[in-house]
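Working notes, beginning with the structure itself.
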Amino acid sequence: MPRILSVWSPNWAIATWRRKHASSSPAEHAPGPFALIASERGVRRLFAVDETAQGLGLYPGQKATDAMALVPELVFADADPEGDRKSLDALVDWCVRFSPAVAPDPPDGLFLDVTGVAHLWGGEAKMLADLLERLAAARIPARGSVAGSAGAAWALARFGPDRTVAEAGAEARLLAPLPIAALRLEEGAAQQLPRLGLTTVGQAAALPRDQLARRFGQGVLTRLDQALGRAKEALVFRRPPTPWFERLAFAEPISAPEDLARVSLDITGLMCRRLEAAGRGAKRFELAFHRLDGKPERLSVGLSLPGRHAAAVARLFAPMLERVDPGFGIEAATLLAQDVEPLPERQTDALPPLPGEGEPRSRERDGALVPDAAIAPLADRLINRLGEDRVWRSEPYPSHTPERSVVRRPLFSPGAGAAWDAARPRPLRLFRAPEPIEAVAPIPDDPPIFFVWRGQRRRVRRAEGPERLAEEWWRRPPGETAPSHVRDYYRVEDDAGARYWIFRAGLHGAEAPPRWWLHGLFA
């Protein structure tokens, strides 16, 4: 069963403004009422009011002139809705220390999928208390609750007792006495239901479903089912929910490089033991060090093959630890495993695989087949140091044009099914673009007896060919004739033993005379 934690800051705009202007704002220390003002269709209205102003009868949406006439001592400032949204996004990123799956709930709340992670705090109640106490220490007043659905958690956080933790199956009982507004209904239904005497969630749930839908719309049933866990609700998480999450908290903040290295090994050990017990491996690990000021320092490494070897993953993190700025200290570390795949145990040394079991994927090196696992550690180090786009392999691609017949693929990605044609060898080094040469052939269709490339004359001692290749007709520019796209390739060797791949473009007798080009070098 899913477990969702909802957090609500009743006056997010005011709290955000005060945190941003803590050192320069007179409103931060003024005992009087305070409000934020925004323009709406040319009229300045109250955007948000603090508790003091609310107690004096002011409310959001009220005209600023009327508010100041009623409360002359009102202190006000301009609202910043865009800044409030960015601050909410920053809070979502900060909450990754509690769960990798956090979704904003604009304009003043958020959801955390805490399924399977609450045990790291000793239970959901302690986790919720820790979260709200940290927000209070950062001068963000907030309420929260945990339930089996986002709708129930949202309702309890706003209308139920603070810090409510609803046990599985208890949502209907806890929601029944709450006002109808707890269902997050559209404005029309939220105003119409109380007029008809339906003031609580329990009263609405007791009505026959067909009558409820016919009189108030299907949206009321949808919201009711979402709150009670009968219907799913899609939350837009900044990262997808995953159970592969680990956390380490420290009794005292750490900052020394050797401590960071030890923590990275310890937390990867916890994760890899879980992966091994489940028969799985991960291709990406994200390690976050959470500083005292709330800013996370994130590191990410990737593996070319799914793995679960803690020491190997920690070695990949080691060179990155130098970039971590601990600030005033790091109080916790979290690790997220992504791209988790089945990785069963497999014996590779003592006995060969039985018929039908298949061979592990391998690469050829020095004439011998080498398992991918043998070169994967080296590939991982290179990829994480140089970047994923710097380490690749060549793969044949079905095209008649040589410069298009090879593509770059990730080192251990599954192939597209194409294979190299041994009957038509290709050069070890294929130029990005053919280079023009001057060549002399005894008769038009013969290979050249010598050619000049980069200012040096080379005499041809041996030659093989021709191999005629024509570019795909659909790639020709409109109006061009086919002969200019016909190539006759030769493999030639000069007096010094160097081997070249040259071709003649075009056909004899065409309007344009054929030209010679050098396209690659053999080993």
Beyond-backbone contact of [X] with [Y], side-chain heavy atoms, under 4.5 angstrom:
{"X": "F289", "Y": "R298", "value": "no"}
{"X": "L178", "Y": "T200", "value": "no"}
{"X": "E233", "Y": "L235", "value": "yes"}

Short side-chain to backbone donor-acceptor contact, E171 and G169, under 3.5 Å: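 Yes; at least one donor-acceptor contact below 3.5 Å.
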Polar side-chain atom of S149 near backbone of A152 as donor-acceptor pair, under 3.5 Å: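 Side chain of S149 to backbone of A152, a donor-acceptor pair under 3.5 Å: yes, one is there.
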Is the closest basic N to carboxylate O distance between [X] and [Y] below 4.0 Å?
{"X": "E297", "Y": "R291", "result": "yes"}
{"X": "R262", "Y": "D259", "result": "yes"}
{"X": "R280", "Y": "E341", "result": "no"}
{"X": "R44", "Y": "D78", "result": "yes"}
{"X": "E186", "Y": "R223", "result": "no"}
{"X": "R273", "Y": "E276", "result": "no"}
{"X": "R230", "Y": "D225", "result": "yes"}
{"X": "D113", "Y": "R3", "result": "no"}
{"X": "E133", "Y": "K126", "result": "no"}

From CA spacing to verdict: ring pair (Phe, Tyr, Trp, His ring centres under 6.0 Å), F111, W154: CA-CA 8 Å; F111 293 108; W154 188 95; 8.2 Å; no
Do you know which two heavy atoms are closest between [X] and [Y], and how far apart they sit?
{"X": "A155", "Y": "L175", "result": "CB-CD2, 3.6 Å"}
{"X": "L58", "Y": "V49", "result": "O-CG2, 4.0 Å"}
{"X": "V313", "Y": "L303", "result": "CG2-CD1, 4.5 Å"}
{"X": "L74", "Y": "A67", "result": "CD2-CB, 4.2 Å"}
{"X": "P60", "Y": "A48", "result": "CG-CA, 4.5 Å"}
{"X": "L292", "Y": "F328", "result": "CD1-O, 3.4 Å"}

Spatial distance of atom CH2 (W17) from atom CG (N11) [nearest 0.5 Å]: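 With rounding to 0.5 Å, CH2 (W17) is 13.0 Å from CG (N11).
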